[in-house]
Amino acid sequence: MAINIHDAELLQASLAKQVITHNELNSINTVAGVDVAYHEQSNQVVGAISVLDANTLELLETQVSIEEISFPYVPGLFSFRELPPLLNAFEKLSIRPDLIVCDGHGIAHPRRFGLACHLGVTLNLPTIGCAKTKLIGDFLPVEQARGQMSDLIVNEEVVGKVLRTQHNVKPVFVSIGHKISLDAAVDWVLKLSPKYRLPETTRQADQLVNKTLKSKLELI
DNA sequence: GCGACAG
DNA sequence: ATCTTGTCGC
């Protein structure tokens, strides 16, 4: 790895000061989803980004990047493992999305600097963290109806929302990534999840990395 | 020491 | 994340 674990933690604490936790958005016409998949066998990683029309959720553009895994999986240092392939895939885009939804946390992180924050600050774009499971924090049970939520709390501080995107389906963990308020982040996650638990942006990116991993690496 | 721990 | 079949339910 190019950076050691200790330095990575110090870097996060420093970069966390650059995170903007209020809305600094222009009109949002396109929204992107990002995801990463691994092939430990060949030490390869696939990063993908899918850009959707923010209103129709129609798929507009996709890009992928396949490269060497450069950092181990360490809870809390997730972004150092996933950022490289995501940035490389992003560079290939012809469309610059107005918002990015990440498969992981934003400020709901030990040093308030999860993947969504790191990607947002690096690209200077609004980002949302939408994770499938908790990293830190406590919360009260969420009612079963779609749209119900409860605060995700760490030391009295609300770092995110535990949001039910579908009736009777396990909730997701939403937090601020960069340049967006928590309320707006929740609204977008709901809008992007009309039918399934996860946002369409995440589903498209997830589908893309798995398809790519299968076709380009399984024949090794 | 014990449990928790994004993907 | 990934390893993995069938199966219950809308």
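Quick note on labels: first sequence line is chain A, next is B, and so on, each numbered from 1.
Atom CG of A:Leu86 is separated from atom P of B:dG7 by 14 Å (rounded to the nearest Å). When the P atom of B:dA6 is taken as reference, atom NZ of A:Lys170 falls 12 Å away, rounded to whole Å. Rounded to whole angstrom, the span from the CZ atom of A:Phe78 across to the P atom of B:dG7 amounts to 6 Å. We find that CD of A:Glu9 is positioned 15 Å from P of B:dA6, with the value rounded to whole Å. Between A:Leu115 atom CG and B:dG7 atom P there is a gap of 10 Å when expressed in whole angstrom units. Spacing between atom CD of A:Gln44 and atom P of C:dT2 amounts to 14 Å, rounded to whole angstrom units. Here the C1' atom of nucleotide B:dG7 and the CG atom of A:Asp35 are 8 Å apart, to the nearest Å. Atom-to-atom, CZ of A:Phe173 to P of B:dA4 comes out at 14 Å; the value is rounded to the nearest Å.
Within the 4.0 Å cut-off from OP1 or OP2 of B:dA6, not a single side-chain nitrogen or oxygen of A:Ser79 is found. Taking side-chain N and O atoms only, A:Lys132 has a distance below 4.0 Å to OP1 or OP2 of B:dG7.
You'll find that the side chain of A:Arg81 is closest to B:dG7, out of C:dT2, B:dA6, B:dG7. Comparing C:dT2, B:dA6, B:dG7 by their nearest atom to the side chain of A:Asp103 picks out B:dG7.
Contacts of A:Gly76 with the nucleic acid, taken as non-hydrogen atoms under 4.0 Å apart, include base atoms. Within 4.0 Å of A:Leu77, counting heavy atoms only, lies at least one base atom of the nucleic acid.
Remark: A:Arg81 qualifies as a cation-pi partner of A:Tyr38 under the 6.0 Å distance and 45° angle criteria applied to the six-membered ring.
Ring-plane geometry between A:Phe113 and A:His118 is classed as tilted, the angle between the planes lying from 30 to 60 degrees on a 0 to 90 degree scale. Below 30°, between 30° and 60°, or above 60°: for A:Phe71 and A:Phe80 the angle between ring planes is between 30° and 60°, a tilted geometry.
No side-chain donor-acceptor contact under 3.5 Å links A:Arg197 to the backbone of A:Arg164.
With A:Arg111 as the partner, the side chain to side chain contact (heavy atoms under 4.5 Å, CB included) test is satisfied by one option alone out of A:Leu10, A:Leu77, A:Leu11: A:Leu77.
Stacking between A:Tyr38 and B:dG7 is absent: the aromatic ring centre is not both under 5.5 angstrom from the base six-membered ring centre and within 30 degrees in plane angle.
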